Each structure stands twice: as structure tokens, then as C-alpha cells.
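Here, residue 1 is the first one in the sequence, and each next residue gets the next number. Worth saying up front: this structure is predicted, and the values here are computed from it rather than measured.
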Amino acid sequence: MERRSLECFTLVAKLGSMSAAAERLSVTQPAVSKQIRRLEEQLGVLLFHRTPSGLSTTAAGRTLLELGNDVLMHFDRAESIMQARFRGRSTFRLACPHSTALDMVAPFIAETDPPIVDVDILLARDLDSALNGEVDMAIGSLMPPRHRAQLPVATIAVTVQTPVGSRSIAPSAERVDLENLVDDWLIVPRTGVQVAVVEAMSSLNHTPPIREASAGTVAQALAANGHGYALVTEPPRFGLRTIPAYVGGRPIEIVLYASWDAHHYASRELRQLAVDLRRWLEMKWQWSPRSRSLPLELQPLVFPAAQE
């Protein structure tokens, strides 16, 4: 079974058409048909049902599609290994939430030209499973499982964001104690921010009502229209003012983690990439570690609240 035949089959199965697959591959339809026919002859099975309305996979075709995706991924990984070891420079694919890509990873790529070939935008809860596929490193605010190699790259302040002129918060306020907002909605994204906020408020007798949002920017948009207070880590948008969020006299913070497969062929290079991102964030955001005596892996990076 040749790689080219498997690539043709996979594309035909996903598109349901040999002509569409041929157009995607920039080849003729007879060339694709020949590859499929050769594959069927080699395996001794029928891979497609041919009907007037198009192509659909047989039971054998569905099995090959499932196995083929994994085989092609390993082909790509083998190429990456060879290029990394014998051509000098690895290139990696990252995954992170949209806000992290927009505010941190994309500027890091633009300014330092790291060995990053692309960034997949995923929800925080989907980052770990992405590492089982084509993604080499995940950047997110949910703590990675213990079997992943990982490095904290920043500790970021959670802020309350509200329209300028909000009557519930004094214009001169330097912080907002959430226990004083018991009659107001808190709009919290389903990320590590939600985990940190819920944990911080667990000791309160009375807690403000919480409304979930899919992302920090969505929480900001809702807050801009008076639907509550956004609790986010993003820089202020939509004309919002931003004030550090506190509970029980302590600031609410989240840790941003870089994580990767501990058995990745380029684990050392990925760790160096995480260290480089950490140092760039340190320089760019002017963080202040709580303790210089801690090793790099344990020093928390504290980012100041974003200013308007």
C-alpha cells in the first residue's frame, strides 16, 4: 500500500467525489481513479459504493479511512523527525485558545520567528486531546495531566471589566472585591478563569451569580452591553475599563501552561520553545516573580492587569 494511494483514498472518502479529490490534488480524475483501483486490487476489497448520486465508503472503506488517517499522521511525523535531525531545524504546530493566540502567541511569532509552523485555535478543554494528533504543543490555562511534559509560562491576573461610568464600582477603585458584587452577574469564560474564580469564591457565604461564556472576548462583549461584569484575562476591548479582581483580600490569578507529549521526538526542543515563550513574555509584559530562589520551572510569572 503506497502513501499516494492512501492519500487519494482518504481525500475521496472525505469529499465523496473523485473529481473533487482530483481538483484538490491538482491531478486528473483518471489518475485518482487509477490510484483507488490499485488500492482495491492490493487489498482485495471494495472500498466504495458507486451510485448515481456519488461515492460512499463500504464497511472496508470506513475501516481503512480510520486506519489511514493514523498511518498518514505517522508518515508526516516520520518526515518531521528526519528533517529535524538531519536538516537542522524542527518546526512545530501549536494549539491554544483564540485569546492566547491573539494576545500572546501571534505577537511572539511575529517578533522572534520561533520554530512554529501554525497555530490551531481550540477551546481550552480540547487542548490535551489535540496533542494525540498533529499538534506538538498546547498553550492553555487548564492544568495539563501529569503524564504530559509541561512548563508554566505565565501567571496572569484576572480582571473585572465593565463599561466606563458603571455606578457599582467607584471610578477611583484600584481593585474589585467580588464578595461586594453579590447582586450582579459575573460573566466568566469556560477556561482556567472559571476554575480560578469558582475556587477563589468557594469560601464565601454568599456568591455573585455566574453566567458562562464560551470565551473571554464574548464575556467582554456581553459586559459592554450591560449584561454583567466580565471576569477575564484579555486586554480591555469595546470601551471597557479594567480593575484587578480580588476575593478575601487576595488577587485572582491563573497559570498559563505549555504542555507536550513527554515522549515526543523533539521533547527537548519543545521545552526550549516553552522557555523562550516564557522569557519573551517576561520581557514584554515586565512580570515580577514572587521568588528568585525558585528554579525556572517553578517561578510564577505575574502579569500586571492590562491598562486601558
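Listed by chain and residue number, R148 satisfy the salt bridge (charged side-chain N to carboxylate O under 4.0 Å, His left out) test with D128 (two or more places apart in sequence, or in another chain). By the ring-ring contact (aromatic ring centres under 6.0 Å, His included) test, Y246 pairs with no residue at all, sequence neighbours left out. Every salt bridge (charged side-chain N to carboxylate O under 4.0 Å, His left out) that R38 has, sequence neighbours left out, goes to E2. Qualifying salt bridge (charged side-chain N to carboxylate O under 4.0 Å, His left out) partners for R37, counting only residues two or more places apart in sequence or in other chains: none. In terms of the salt bridge (charged side-chain N to carboxylate O under 4.0 Å, His left out) criterion, residue partners of D177 (sequence neighbours excluded) are, by chain and number, R175. Y257 is linked by a ring-ring contact (aromatic ring centres under 6.0 Å, His included) to nothing, counting only residues two or more places apart in sequence or in another chain. S56 pairs by the side chain to side chain donor-acceptor pair (under 3.5 Å) definition with nothing, not counting sequence neighbours. In this view, S99 and E234 satisfy the side chain to side chain donor-acceptor pair (under 3.5 Å) rule, not counting sequence neighbours.
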Could you pull out every donor-acceptor pair under 3.5 Å between side chains of residues 196-204 and any protein atom, sequence neighbours left out?
unit_1: S202; atom_1: OG; unit_2: E199; atom_2: O; d: 2.7

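No continuous path of hydrophobic side-chain contacts links L277 to L142 [ILVMFWY only; heavy atoms under 4.5 Å].
The backbone N or O of P189 sits nowhere less than 3.5 Å from a side-chain atom of E212 that would complete a donor-acceptor pair. A donor-acceptor pair under 3.5 Å is formed between the side chain of E40 and the backbone N or O of L47. When atom types are taken as modelled, the side chain of N225 and the backbone of A221 share a donor-acceptor pair closer than 3.5 angstrom.
Under a 4.5 Å side-chain heavy-atom cut-off, the cluster of Ile, Leu, Val, Met, Phe, Trp and Tyr residues that includes L122 is completed by L127.
Residue pairs satisfying the side chain to side chain donor-acceptor pair (under 3.5 Å) criterion with at least one member in residues 16-33, sequence neighbours excluded, are listed as follows: S17-S19. Listed by first and then second residue, the ring pair (Phe, Tyr, Trp, His ring centres under 6.0 Å) pairs involving residues 104-152 are F108-W280 (not counting sequence neighbours).
Note: E269 CD to S267 OG = 8.5 Å, rounded to the nearest 0.5 Å. The distance from atom CD1 of I116 to atom CE of M137, rounded to the nearest 0.5 Å, is 8.0 Å. Atom CD1 of I36 and atom CG of L46 lie 11.0 Å apart (nearest 0.5 Å). Between L181 atom CG and L186 atom CG the span is 6.0 Å, to the nearest 0.5 Å.
Between D136 and R93 there is no salt bridge, since no side-chain N of the basic residue sits under 4.0 Å from a carboxylate O of the acidic one. A salt bridge links D103 with R237: at least one charged nitrogen is closer than 4.0 Å to a carboxylate oxygen.
Summarising the geometry of V164 relative to G239, their closest heavy-atom pair is CG2-O, 3.6 Å, with the distance given to 0.1 Å.
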